There are 2 protein chains.
Amino acid sequence: MARKTDLLPGTLDMLILKTLTRGSLHGYGIALSIKNLSDDILTVEEGSLYPALQRLLLQGWVKAEWKSTETNRRARYYTLTAAGRTQLSHELSQFEQMIAAITRVLQGA
Amino acid sequence: MARKTDLLPGTLDMLILKTLTRGSLHGYGIALSIKNLSDDILTVEEGSLYPALQRLLLQGWVKAEWKSTETNRRARYYTLTAAGRTQLSHELSQFEQMIAAITRVLQGA
DNA sequence: TTTCTATCCATAGACAGCCTATATATCTGC
DNA sequence: GCAGATATATAGGCTGTCTATGGATAGAAA
């Protein structure tokens, strides 16, 4: 049974944090942004996104406040915290290191 | 609680299959090969490796036979099958696509 | 010769993370 | 009035990796 995932497991938090560096967004907007930037390759399901946001809130990597959208709908806007920025840079460097390592194995050099 | 993984989840099968394209190996040898090629970045724990090999056997992507090593020890040598090669190429292209997509999101372009 | 280290295989149980399914509600366009 | 897009959220399940454990042999060191 091949992979069922719409993204690489372990990369969701990083993608969300990175998306928020471009400004505060509500959950739905985060999902759309990732989907669009990735040309529909990465799809963040609601059942993945909202639990992930709860985790990030708990860790203190993002904060949230209720506002209304441009179209007058209630939505919860998430903003990256200082700790979130630090965490993101950790995850980014770890990720790059891993990709480099995997690439070496795949090239068998 | 940051990541606990020694590799990117979802990449283990691919790494094993790729490693076997360079010839038959026993489990321990596969683990060493991945560890060495990745400069110790990727560590395949035994509790991940052997279950993974059982899965690959079940799927028919590798076959196994008991032999003795150069140092006269009994060991189970795994060999890539034709189906395994096909599977590997699928996983490789999917992986590359994902990395490309993630890179686009991380660069925010 | 005893002990330590490296080699070698394998399973059980725990846990994290993502998915499916479901629920609720509002706004827009037809 | 109804469909579809917008918007948040939880429960439950599944998969994959890790930790922990078990066993066994070879070779080196003490």
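In the text below, chain A, chain B and the rest are named by the order of the sequence lines, each starting its count at 1. Keep in mind the model is a prediction, meaning the values are calculated, not measured.
Residue contacts shown for L53(A) are absent, as no nucleic acid heavy atom lies under 4.0 Å away. Nucleic acid contact for L12(B): sugar-phosphate only, since backbone atoms but no base atoms lie under 4.0 Å from a heavy atom of the residue. Within the 4.0 angstrom heavy-atom criterion, base atoms lie near G47(A). Residue contacts for Y78(A): at a heavy-atom cut-off of 4.0 Å it reaches the sugar-phosphate backbone alone, with no base atom in range.
When hydrophobic clusters are built by joining Ile, Leu, Val, Met, Phe, Trp and Tyr residues whose side-chain heavy atoms come closer than 4.5 Å, directly or via intermediates, Y77(A) is not grouped with L56(A).
Spacing between atom CG of L56(B) and atom P of dG16(D) amounts to 11 Å, rounded to whole angstrom units. With rounding to whole Å, L42(B) atom CG is found 12 Å from dT17(D) atom P. The OH atom of Y50(B) sits 17 Å away from the C1' atom of dA12(C) (whole-angstrom rounding). E70(B) places its CD atom 13 Å from the P atom of dG27(D), with the value rounded to the nearest Å. Whole-Å rounding puts the D6(A) CG to dT15(D) P distance at 16 Å. The nearest whole Å value for the distance from the CD atom in Q54(B) to the P atom in dC9(C) is 11 Å. To the nearest angstrom, P of dA26(D) lies 11 Å from CZ of R74(B). Look at CG on L8(A): it is 18 Å from P on dT15(D), rounded to the nearest Å.
T69(A) has a side-chain polar atom (N or O) that falls below the 4.0 Å cut-off from OP1 or OP2 of dA7(D).
Side chains of R104(B) and L42(A) form no contact here, defined as non-hydrogen atoms less than 4.5 Å apart. The shortest distance between side-chain heavy atoms of I30(B) and V44(B) does not fall below 4.5 Å.
You'll find that the side chain of R55(A) is closest to dG17(C), out of dC19(C), dG22(D), dG17(C). Looking at the side chain of P9(A), the nearest of the listed nucleotides dC18(C), dC8(C), dA7(D) is dC18(C). For E46(B), the listed nucleotide lying nearest its side chain is dG22(D); candidates were dG22(D), dA6(C), dT20(C). Nearest nucleotide to the side chain of R76(A), out of dT6(D), dT8(D), dT19(D): dT8(D).
Of the residues listed (V62(B), D13(B), L17(B)), the one engaging Q87(B) in a side chain to side chain contact (heavy atoms under 4.5 Å, CB included) is L17(B), and it is the only one.
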Chi angles and distances behind the side chain to side chain contact (heavy atoms under 4.5 Å, CB included) call for Y78(A), L57(A):
CA-CA 9 Å; Y78(A) 295 88; L57(A) 275 174; 4.0 Å; yes
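Residue-to-nucleotide proximity on DNA chain C shows that, of T71(A) and T43(A), the 5′-proximal contact is made by T43(A). Ranked by how close their nearest DNA chain D nucleotide is to the 5' end, R73(A) and S48(A) are led by R73(A).
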